[in-house]
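Below: one structure, written as structure tokens.
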Amino acid sequence: MDNNNILLPNKQACLEQLTKLGINYIVHHHDPVPTINDVVKIQMTDGTAYVKNLLYVDKKSNYYLILANHTTQVGKLFWKTLGLSSGNMRLSKEEQISEALKSSKGNVNPFAVANDSNNLVKNIIIDEELTKFKRLALHPIENTTTVEISLDDLQNKFLKSLNKKYQVIQLTDEVLEQQLEQQKDQQNLQTLAITVKKSDFSEWYQQVIRKAELIEYYDVSGCYILRPWAYFIWEQIQRYFDDLIRIEDVENTYFPMFLQAKNLIKEKNFVDGFKAEVAWVTKYGESDLNEPLALRPTSETIMYPAFAKWVQSHRDLPLKVNQWTNVVRWEFKYPTPFIRTREFLWQEGHTAHSTKEEAVKQVYTILDFYEQVYGELLAVPVIKGIKTESEKFAGGDFTTTVETIIPQNGRGLQGATSHHLGQNFSKMFEINFEDDKKQKTFAWQTSWGITTRSIGAMIMFHGDDKGLVLPPRIAKYQIVIIPIIHKDLDEKQLNERCEQIKQMLIKQKLRVHIDNRDNYSPGWKFNKWEQKGVPIRLEIGPGEFKNNEVRVVQRFDNKKYQIKIEELNQLNQILDNIHNAMFEKAKIELNQRIKQADNWKEFMTQLNLRNTILTKWCESQGCEQQVKDKSGRESKEKDSQIDGQVQLTGSAKTLCMPLKQDEIKDGEKCFHCDQQAKRYVLWGRSY
């Protein structure tokens, strides 16, 4: 119905129109009530809101009618939510009310918009508070009568019949500020949130490392910025491992990163293993170097000329040094932060011994240390083993390793390696000494290293759909305290209580942070610190403040409970319990990805189910290569999905021959070539 055909000059016409529209109403006749203070003196039925009606006009003569609960403090912020400026708005004068509504001051009401024949009223703004009432008290054109009608009838019968636009919004600045803050928080949370499940593993990993503020991308492919949240983890690994190797009298040192080509090519097997990865410096300024210099892919050939100078007698042995440094390896095409990068951080230890037995013992001692780093710090289980001949360190005698398996995709991940170099490098670099029998002999050597790849393994094992989950022993903040500000709680006293608790926990050697930023809500902070993986969150609101307690929320399992402030000395034990629970869960997940196979069909079935496979094996390098080639071909021929899950492709390779394994008996065959088996070996696709 066109509102130009409806004019309501008086209350009688208005009441007749309400009846015609099927609107039920209760009518009250009374003396004139020109102000809201007069209106509220009229007795209405229960559940009825007294409505004040305000007509605003902007500089372009557009009118806006506001219907507000009589107790509402109409602010200015709501104009912004409408895309308008409060500075352009003025309350209408008498002549403007007459022009727009054919009404007068003291008689402004929503029914008068029927008289807006020129469509001057652009919007009718209804107070959100009015939605809480059964009915509204409104004047039908004249202030000598009041009717009670429902908001629904006003909107969906009366205003709809006039084709008039209306909006229900919050009008109070204080409440609107809270709503706008909540909306901002929600928008921030949407930006903050991990947008995929962990099952979408590659994208999930990329989002977690960025949004948990571990990594920032850099404009050289394969190189990344380790942000403080990540570098602290590396520092914890450094401190822990340094304490272990000091037991072995290993000393830290530093060698230059540049390597002369003549030293790099001294050992053919060694250089063949690294030549594809070596980056070279060929210029300085506009000039060519006289001789290109390699950036170290590893430091054997950098260190060992110095070893030859330092070792002259058996009394100079053992020589044990370690350095914490960076390495550059440039061969690969598809980098993954922490896992495969062109530059990475590591430690590399190098030792020289007078006997083979001492060197071998050193190799396995260091391997045990690496197992401790993963288990005691990162809560990541590993499998100790020996690499096959084709997978061992180039130029070494044998390589031991700690391997782990990423539960989400079943890929193997080499965690750290400890190499027995034999006398290969000592002969090459003339690291010889006079033994106690005055005989010249060559030193027995080891080298060993762990890298920032260990951080990637930790992320992959423990993270969940919300983001990072940090084991307590490597978290920069083990505990974050979040004060929950409330109108019934003095903010200064609340912050003082938080600081008091922080100092108590610091005395317990815990790493604690208070997040009392006033530009983020508690909900946003909860989500942010969950995403960053902080093991424990302490919440302190009015209830906790009153009862001298805190609310504890554990990141790992989302367990929530209250603790009295005097019982906060439990937190050290709680953090240890969290670490142990994370480790046990990870061990179960790792073991679920190890399957046994006795023949090729079983092997490929388990490989295509994203598992690693333990098999009996003949130790033949030819057999090993055949397995790699054949598994690669067959993986490309299978269905791309099994049970709706995208399948991995690629060759299987040997990960290690586990140190703990059953004895192979005579007559037991290699799973692939049916020759006599010699050892068990673990196969899988790997990073």
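Numbering of residues begins at 1 and proceeds along the displayed sequence. Only heavy atoms go into these numbers, but all of them, side chains included; no hydrogens, no water, no symmetry mates.
A side-chain donor from one of Glu248 and Gln362 sits under 3.5 Å from a side-chain acceptor of the other. Asp242 and Asn252 share a donor-acceptor pair across their side chains, judged by distance under 3.5 Å alone. A side-chain donor-acceptor contact under 3.5 Å links Thr446 and Trp448. Side-chain contact, His420 with Asp397: a donor N or O sits under 3.5 Å from an acceptor N or O. Checking Thr325 against Gln323 by side-chain atom types alone, no donor-acceptor pair falls below 3.5 Å. With 3.5 Å as the limit, one finds no donor-acceptor pair spanning the side chains of Asp368 and Gln372. Side-chain contact, Asn409 with Arg685: no donor N or O sits under 3.5 Å from an acceptor N or O. Side-chain contact, Gln573 with Asn577: a donor N or O sits under 3.5 Å from an acceptor N or O. Of the N and O atoms on the side chains of Thr351 and Gln445, not one donor lies less than 3.5 Å from an acceptor on the other residue.
Taking the six-membered ring wherever Trp is involved, the centroid distance between the rings of His462 and Phe556 does not fall below 6.0 Å. Annotation: Phe258 is not in aromatic contact with Trp280 [ring centroid separation under 6.0 Å not met].
Atom CZ of Arg239 sits in a crowded spot, with more than 12 heavy atoms from other residues, nucleotides or ligands closer than 6.0 Å. Atom NZ of Lys628 is surrounded by more than 12 heavy atoms from other residues, nucleotides or ligands within 6.0 Å. Within 6.0 Å of CD in Gln570 there are more than 12 heavy atoms belonging to other residues, nucleotides or ligands. The number of heavy atoms from other shown groups lying within 6.0 Å of CD (Gln625) is above 12. Within 6.0 Å of atom NZ in Lys283, more than 12 heavy atoms from other residues, nucleotides or ligands are found, so the atom counts as buried in its surroundings. Within a 6.0 Å sphere centred on NZ of Lys440, heavy atoms belonging to other residues, nucleotides or ligands number more than 12. At most 12 non-hydrogen atoms from other residues, nucleotides or ligands lie less than 6.0 angstrom from CD of Glu663.
None of Tyr217, Phe338, Tyr231 except one satisfies the ring-ring contact (aromatic ring centres under 6.0 Å, His included) rule with Tyr224; the exception is Tyr217. Partner of Thr654 under the side-chain hydrogen bond (donor to acceptor under 3.5 Å, both in side chains) criterion, chosen from Glu619, Glu389, Glu624: Glu624.
Between Glu291 and Gln260, the closest heavy-atom pair is OE1-NE2, 3.7 Å. Taking every heavy atom of both residues into account, Gln236 and Leu377 meet most closely at O-CD1, 3.7 Å. Minimum interatomic distance between Phe433 and His353 (heavy atoms only, all atoms of both residues): CE2-O, 4.4 Å. Closest heavy-atom contact between Gln508 and Asn572: O-ND2, 3.1 Å. For the pair Ile366 and Ser418, the tightest heavy-atom approach, listed with the atom from each and the gap, is CB-OG, 3.8 Å. Here the closest non-hydrogen pair linking Arg453 and Gln414 is CD-O, 3.1 Å.
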Self-check item: From CA spacing to verdict: side chain to side chain donor-acceptor pair (under 3.5 Å), Gln439, Thr441
Solution: CA-CA 6 Å; Gln439 299 294 316; Thr441 187; over 6 Å; no
Quiz item: Step by step, would you call Glu391 with Lys653 a side chain to side chain contact (heavy atoms under 4.5 Å, CB included)?
Solution: CA-CA 9 Å; Glu391 293 291 334; Lys653 60 178 284 188; 3.2 Å; yes
Exercise. Quick one: do Ile578 and Ile536 satisfy side chain to side chain contact (heavy atoms under 4.5 Å, CB included)? Show the steps, please.
Key: CA-CA 10 Å; Ile578 289 171; Ile536 286 179; 3.9 Å; yes
Quiz prompt | Ile383 and Cys656: CA distance, side-chain angles, deciding distance, side chain to side chain contact (heavy atoms under 4.5 Å, CB included) verdict | solution = CA-CA 8 Å; Ile383 301 162; Cys656 72; 4.2 Å; yes
Self-check item: Stepwise side chain to side chain contact (heavy atoms under 4.5 Å, CB included) check, Thr298 with Glu348
Solution: CA-CA 8 Å; Thr298 181; Glu348 53 175 323; 3.7 Å; yes
Exercise. Take Thr399 and His419, measure what side chain to side chain donor-acceptor pair (under 3.5 Å) needs, and give me the verdict at the end.
Key: CA-CA 4 Å; Thr399 291; His419 313 292; 2.8 Å; yes
Practice problem: Would you sort out whether Tyr254 and Asn322 count as a side chain to side chain donor-acceptor pair (under 3.5 Å), showing the intermediate values? | Solution: CA-CA 8 Å; Tyr254 183 79; Asn322 175 70; over 6 Å; no
Self-check item: From CA spacing to verdict: salt bridge (charged side-chain N to carboxylate O under 4.0 Å, His left out), Glu403, Lys387
Solution: CA-CA 10 Å; Glu403 301 282 327; Lys387 290 289 189 181; 2.7 Å; yes
Self-check item: Derivation and outcome, salt bridge (charged side-chain N to carboxylate O under 4.0 Å, His left out), residues Lys665 and Glu668
Solution: CA-CA 6 Å; Lys665 299 176 182 178; Glu668 292 186 315; 5.9 Å; no
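Contact annotation: the side chain of Ile613 approaches that of Leu607 to within less than 4.5 Å [non-hydrogen atoms, C-beta and beyond]. For the pair Trp617 and Cys623, the minimum side-chain heavy-atom distance is below 4.5 Å. Put simply, the side chain of Ile233 reaches to within 4.5 Å of the side chain of Ile455, judged on heavy atoms. Residues Lys384 and Tyr364 have side chains not in contact (no heavy-atom distance under 4.5 Å, counting atoms from C-beta outward). Between Lys678 and Cys618, the closest side-chain pair of non-hydrogen atoms is not below 4.5 Å. With contacts defined as side-chain heavy-atom distances shorter than 4.5 Å, the pair Asn432/Ser426 does not qualify. Side-chain contact between Leu295 and Val278: absent, with no pair of heavy atoms (C-beta onward) separated by less than 4.5 Å. Taking 4.5 Å as the limit, some side-chain heavy atom of Lys356 sits within range of a side-chain heavy atom of Val360.
Ring-plane geometry between Trp310 and Phe255 is classed as tilted, the angle between the planes lying from 30 to 60 degrees on a 0 to 90 degree scale. Trp683 and Phe603 have perpendicular rings, their planes meeting at more than 60° on a 0 to 90° scale where under 30° would count as parallel. Note: Trp600 and Phe671 have parallel aromatic rings, judged against thresholds of 30 and 60 degrees for the angle between ring planes. The aromatic rings of Phe429 and Phe425 lie parallel to each other, with less than 30° between the two planes, well short of the 60° mark.
Atoms CD and CD, from Glu584 and Glu589 in turn, are 11.5 Å apart once rounded to the nearest 0.5 Å. Interatomic distance, His672 NE2 to Asp598 CG, rounded to the nearest 0.5 Å: 14.5 Å. The line from OG1 of Thr612 to CG of Leu590 is 7.0 Å long, rounded to the nearest 0.5 Å.
A salt bridge between Asp662 and Lys616 is absent, with no side-chain N of the basic residue lying under 4.0 Å from a carboxylate O of the acidic one.
For the pair Arg329 and Trp346, the cation sits on the ring face: its NZ or CZ lies under 6.0 Å from the ring centre, inside 45° of the axis.
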